[in-house]
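Worksheet: one structure, shown below.
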Amino acid sequence: MTRRSGRLQAKNENGATHTDKITKIKKQCNRKKALTKRLNCETQNLLAQEGTCKAEVISETPVNGLHDAIDRPGLSQCSRPSPLPGLSWGSSEDVWVNMLSKETKYKHSNTCLETHPRLQPKMRAVLLDWLMEVCEAYLLHRQTFYLAQDFFDRFMLTQDDTEKERLQLIGITALFIASKIEEIYPPKLTELAYVTDGACLEEEILQMELIMLKALNWDLCPETVVSWMKLYIQMASVYDFTNLLVPQFSQETYIQITQLLDLCILDIDSLEFKYGVLAAAAFCHFISFEIVQKVSGLTWEAVESCVNWMAPIVETMMGYESAKLKNFAKVSFEDRHNIQTHINYLSMLHEAQQKRVSRTNGILPPTPPSSTEKSSAHRDQCCSLAGASLH
């Protein structure tokens with residue numbers, strides 16, 4: 001009889017033990033799978049019930065009062081219809097709800113300078129005009145400028161009695177933060193300090209950056225006016241739903257509308273309106289309201305006051321040469337419309353504000369017609385201002 005070694009005997013015992021362990025693990029996995037399946041069923045039931053509730057909220061909200069439903073607390077943001085088509089690579093409804101929720105989260109106001117007795121609205125306009133010029137010089141994108149504008153205005157709402165000498169520091173710091181978020185190659189700190197011509201030191205910008213980030217509670221991802229505008233014009237122009245992320249609109253039309261937005265945002269009263277409404281009102285001056293309503297989900301009552309407020313600015317723009325596409329070194333042809341440009345905005349703003357004052361005092365007749373049915377002449381004017389079709 002052959003005698004087995006102790007090592008071989010131990011190996012066999014360990015093998016039996018290993019088999020028992022595998023059997024035990026399989027039983028545990030089966031129990032986990034059963035529990036997971038049960039939880040998934042319960043989750044689906046809850047989601048189905050939640051979806052039914054949302055559907056009830058939507059169906060109970062009149063179409064003509066959608067803009068009121070958004071402003072009333074307690075009602076779902078989904079009550080504003082989404083213009084986004086179904087997406088194979090994501091939930092378009094989630095994207096839309098997220099955009100609407102940011103309009104509630106990121107609050108701005110035309111009273112942002114009321115707590116600063118030494119500051120005037122014109123100072124804000126001059127600062128933003130200068131930031132546009134800096135953005136063009138460093139080939140920064142429009143979204144970068146509009147992020148900086150939002151950071152500046154929301155920051156001023158949190159402060160009191162700011163000295164006018166600190167405005168440039170706050171503005172360049174807002175641009176510094178925005179460029180680091182939006183740009184692939186943001187300007188260096190030394191470059192931004194240089195454009196202030198010695199008014200702001202690098203150490204001061206870094207110190208102000210910490211102050212602004214804390215005051216803004218690190219909320220740095222708003223939907224800006226230009227991001228809303230890009231969505232609207234893309235949805236109005238789209239013909240290939242498989243390439244929604246690729247711009248399908250006319251670059252010439254886009255820069256016409258963004259020139260209007262640039263001019264509007266310099267006026268502090270533009271902050272009275274939500275960014276989505278401001279973009280929709282600007283789009284109304286270039287295309288029929290029926291299309292604007294389709295791509296924005298807004299009713300005429302929601303945008304009427306903003307369209308009327310914008311009318312003197314549009315009228316002023318018609319007296320100037322239309323904006324032209326610019327070619328920039330090291331910027332691709334497809335991206336050139338996204339680079340922030342600068343023209344003599346301050347003169348145009350002053351003229352537009354004078355027209356608004358004269359109209360308010362009854363010296364000039366009011367325009368445009370406050371109706372969803374615009375006259376064909378007015379619509380032709382708006383289309384000629386655009387200078388190009390959407391397709």
Side-chain angles (χ1 to χ4, degrees), residues 106 108-114 116 118-159 162-179 181-183 187 192 195-197 199-200 205 208-209 212 216 220 222-229 255 257-275 278-279 282 309-310 313 316-317 320 323 338-353 356:
Y106 294 87
H108 54 266
S109 173
N110 59 345
T111 63
C112 60
L113 297 185
E114 287 188 357
H116 308 275
R118 287 178 280 188
L119 302 182
Q120 300 296 326
K122 184 178 180 180
M123 298 177 185
R124 172 186 175 274
V126 172
L127 175 67
L128 294 183
D129 180 78
W130 174 72
L131 288 179
M132 286 185 191
E133 195 171 358
V134 173
C135 287
E136 183 179 39
Y138 284 97
L139 305 181
L140 304 182
H141 289 79
R142 296 183 187 277
Q143 177 71 351
T144 303
F145 165 75
Y146 278 91
L147 279 176
Q149 166 265 313
D150 179 80
F151 296 162
F152 172 81
D153 288 327
R154 287 195 291 122
F155 175 74
M156 297 305 289
L157 275 174
T158 68
Q159 304 300 301
T162 301
E163 299 176 354
K164 63 180 181 180
E165 290 78 13
R166 291 180 65 81
L167 272 185
Q168 191 175 24
L169 175 60
I170 297 172
I172 201 65
T173 304
L175 186 62
F176 179 52
I177 298 172
S179 63
I181 294 174
E182 186 64 23
E183 301 293 333
L192 294 180
V195 297
T196 65
D197 197 21
C200 306
I205 296 176
M208 180 57 68
E209 180 186 22
M212 291 188 70
L216 295 175
L220 306 175
E223 291 297 336
T224 65
V225 181
V226 77
S227 61
W228 279 108
M229 188 65 253
I255 64 166
I257 305 176
T258 52
Q259 180 182 4
L260 175 58
L261 292 177
D262 288 347
L263 194 52
C264 289
I265 208 67
L266 294 183
D267 193 327
I268 195 172
D269 288 334
S270 65
L271 300 180
E272 179 184 354
F273 309 101
K274 293 182 177 180
Y275 290 153
L278 191 65
W309 172 85
M310 202 175 287
I313 300 177
T316 300
M317 281 183 56
Y320 288 79
N338 287 320
I339 302 300
Q340 179 64 52
T341 53
H342 174 264
I343 58 176
N344 191 12
Y345 283 124
L346 292 179
S347 296
M348 298 171 66
L349 177 65
H350 178 72
E351 184 177 337
Q353 291 175 336
R356 183 178 293 114

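To the nearest 0.5 Å, atom CE of residue Met229 and atom OG1 of residue Thr258 are 9.0 Å apart. Taking CD1 from Ile177 and CE from Met208, the interatomic distance works out to 9.5 Å, rounded to the nearest 0.5 Å. The distance from the CG atom of Leu167 to the CZ atom of Arg118 is 11.0 Å, given to the nearest 0.5 Å. Atoms CE and CZ, on Met212 and Phe151 in that order, are 8.0 Å from each other to the nearest 0.5 Å. The distance from the OG1 atom of Thr173 to the CG atom of Leu192 is 9.0 Å, given to the nearest 0.5 Å. Rounding to the nearest 0.5 Å places CG of Asp267 at 12.5 Å from NE2 of His350.
No side-chain heavy atom of Leu131 sits less than 4.5 Å from a side-chain heavy atom of Gln168. Contact of the Asp153 side chain with the Arg124 side chain is registered, since non-hydrogen atoms from C-beta on lie closer than 4.5 Å. Residues Phe145 and Ile265 have side chains in contact (heavy-atom distance under 4.5 Å, counting atoms from C-beta outward). Between Ile268 and Leu271, the closest side-chain pair of non-hydrogen atoms falls below 4.5 Å. No side-chain heavy atom of Gln353 sits under 4.5 Å from any side-chain heavy atom of Ile313. Counting only heavy atoms from C-beta outward, the side chains of Ile170 and Phe152 approach each other to under 4.5 Å. When side chains are defined from C-beta on, Pro222 counts as touching Leu147, because their heavy atoms get closer than 4.5 Å.
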task: Might you work through the side-chain contact (heavy atoms from CB on, under 4.5 Å) test for Leu157 and Ser109, ending with a clear yes or no?
output: CA-CA 8 Å; Leu157 275 174; Ser109 173; 4.2 Å; yes
message: Between Gln259 and Tyr345, does the side-chain contact (heavy atoms from CB on, under 4.5 Å) criterion hold? Intermediate values first, please.
response: CA-CA 9 Å; Gln259 180 182 4; Tyr345 283 124; 3.8 Å; yes
query: Run the side-chain contact (heavy atoms from CB on, under 4.5 Å) check on Leu140 and Gln340 step by step: do they pass?
result: CA-CA 6 Å; Leu140 304 182; Gln340 179 64 52; 5.7 Å; no
query: So Met132 and Leu266, side-chain contact (heavy atoms from CB on, under 4.5 Å) or not? Walk me through it.
result: CA-CA 10 Å; Met132 286 185 191; Leu266 294 183; 3.9 Å; yes
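Contact detail for Glu351 and Thr316: the closest heavy-atom pair is CD-CG2, 3.8 Å. Considering every non-hydrogen atom in both Leu261 and Ala279, the closest pair reads CD2-CA, 4.3 Å. Between Ala282 and Ile257, the shortest heavy-atom contact is CB-CG2, 4.3 Å. Shortest non-hydrogen contact noted between Leu349 and Ala125 is CD2-CB, 3.9 Å. Among all heavy-atom pairs drawn from Ala174 and Ala148, the shortest one is CB-O, 3.5 Å.
His116 contributes a side-chain N or O that, together with a main-chain N or O of Thr162, makes up a donor-acceptor pair within less than 3.5 Å. For the pair Thr144 (side chain) and Ala178 (backbone), a donor-acceptor distance under 3.5 Å is absent. Judged purely by atom type and a 3.5 angstrom limit, Tyr106 has no side-chain atom pairing as donor or acceptor with the backbone of Arg154. Remark: the backbone N or O of Leu175 is paired with a side-chain donor or acceptor of Ser179 at under 3.5 angstrom. Under a 3.5 Å cut-off, the side chain of Glu183 and the backbone N or O of His141 do form a donor-acceptor pair.
Counting non-hydrogen atoms of other residues, nucleotides and ligands closer than 6.0 Å to CG of Asn344 gives a total above 12.
Residue pairs meeting the side chain to side chain donor-acceptor pair (under 3.5 Å) criterion with at least one partner in residues 128-139, sequence neighbours excluded, are Asp129-His342, Glu136-Lys326.
A tilted orientation is assigned to the rings of Phe273 and Trp309, their planes being inclined by 30° to 60°.
In this structure Lys122 satisfies the side-chain contact (heavy atoms from CB on, under 4.5 Å) test together with Val126, sequence neighbours excluded.
Partner Arg142 forms a side-chain contact (heavy atoms from CB on, under 4.5 Å) with one of Thr341, Val225, Thr224 and no other, that one being Thr341.
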